[in-house]
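To keep things clear, I will list the structure first and then write my remarks on it.
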Amino acid sequence: MSVSVVIPTLDEEGLLPATIASVRQHAAEVLVVDGGSTDRTRERAAAAGARVLDSPRGRGLQLDRGAREAQGDWIVFLHADTRLEAGWCAAILGQGEGVVGGAFRFALDTARPGRRYAEWAVALRCRVLGLPFGDQAIFCRREAYGAAGGFPPEPLFEDLTFLRRLRRLGPTVLLAPRATTSARRWERDGALVTTLRNDA
């Protein structure tokens with residue numbers, strides 16, 4: 001069994017190398033799907049060992065492009081500012097045949113204690129509603145991706161639409177390794193605005 005990782009990008013040269021490094025050792029392939037970056041995103045992705053694909057801009061379009069190129073038995077959809085914790089690949093490959101997909105625990109890359117409530121709120125949402133967001137590195141079996149209709153060509157909430165479709169095919173799980181996301185949006189826009197935007 002193998003795992004492909006798909007990363008949509010747009011001007012992410014600063015954070016992307018660390019994201020790729022967090023998964024490169026255990027992924028069969030890392031596909032960076034670029035939506036027209038004007039910085040050195042493409043060059044840094046290639047230097048880090050990823051295969052770079054072009055796509056029209058739009059996260060849903062970019063995710064779908066990468067998924068349809070992926071060759072792994074499982075596909076992980078990873079944001080360019082999110083790193084996966086050690087053990088992520090083994091956790092996926094350890095799932096039984098009935099599981100069609102899932103996501104990882106959410107964490108923020110900051111030491112500021114005031115941001116911990118966001119992690120708590122996400123954990124509560126996942127526990128109550130069973131709906132992780134894209135920054136938790138949604139994953140699925142490759143055959144389930146097509147059966148679920150793939151990501152819609154939408155710039156927002158494409159993750160929730162896809163996950164709802166995926167859950168109709170079978171059980172999804174929340175795995176223990178953390179998907180640690182940059183706190184830049186929280187720092188820039190404030191915790192309340194960012195949380196409300198994410199939960200809208």
Please round to the nearest 0.5 Å and tell me the distance separating atom [atom1] of [X] and atom [atom2] of [Y].
X: Leu16; Y: Ile7; atom1: CG; atom2: CD1; answer: 5.5 Å
X: Glu13; Y: Arg40; atom1: CD; atom2: CZ; answer: 6.5 Å
X: Leu169; Y: Glu143; atom1: CG; atom2: CD; answer: 10.0 Å
X: Asp73; Y: Ser2; atom1: CG; atom2: OG; answer: 4.0 Å
X: His79; Y: Asp135; atom1: NE2; atom2: CG; answer: 6.0 Å

Could you work out, with side-chain contact (heavy atoms from CB on, under 4.5 Å) as the rule, every residue matching [X], not counting sequence neighbours?
X: Leu10; value: Ser37, Arg57
X: Pro153; value: Leu61
X: Ala27; value: Val5, Val30, Trp88

Using side-chain hydrogen bond (donor to acceptor under 3.5 Å, both in side chains) as the criterion, list what pairs up with [X], not counting sequence neighbours.
X: Arg42; answer: Asp54
X: Thr180; answer: none
X: Glu69; answer: Arg51, Arg65
X: Thr19; answer: none

Would you list the pairs meeting salt bridge (charged side-chain N to carboxylate O under 4.0 Å, His left out) in which at least one residue belongs to residues 18-34, sequence neighbours left out? none
Pairs satisfying ring-ring contact (aromatic ring centres under 6.0 Å, His included), at least one member in residues 4-29, at least two apart: none
Pairs meeting criterion ring-ring contact (aromatic ring centres under 6.0 Å, His included) with involvement of residues 158-182, two or more places apart: Tyr145-Phe162, Phe151-Phe162
Minimal non-hydrogen separation, Glu43 against Asp39, with atom names: OE1-O, 4.0 Å
Scanning both residues in full, the closest heavy-atom pair of Gln62 with Val33 reads NE2-O, 2.7 Å
Compare all side-chain heavy atoms of [X] with those of [Y] and state whether any distance is below 4.5 angstrom.
X: Pro8; Y: Phe77; answer: no
X: Asp159; Y: Gln136; answer: no
X: Arg83; Y: Asp109; answer: yes

Tell me which donor-acceptor pairs under 3.5 Å the side chains of residues 99-108 have, and how far apart each pair is, sequence neighbours excluded?
residue : atom : partner : partner atom : Å
Arg105  : NE   : Ala176  : O            : 2.5
Arg105  : NH2  : Ala176  : O            : 3.0

Listed by chain and number, what are the ring-ring contact (aromatic ring centres under 6.0 Å, His included) partners of Trp74, not counting sequence neighbours? Phe139
Determine, using the 4.5 Å side-chain heavy-atom cutoff (strictly less than), whether Leu53 and Leu63 are members of one ILVMFWY cluster. yes
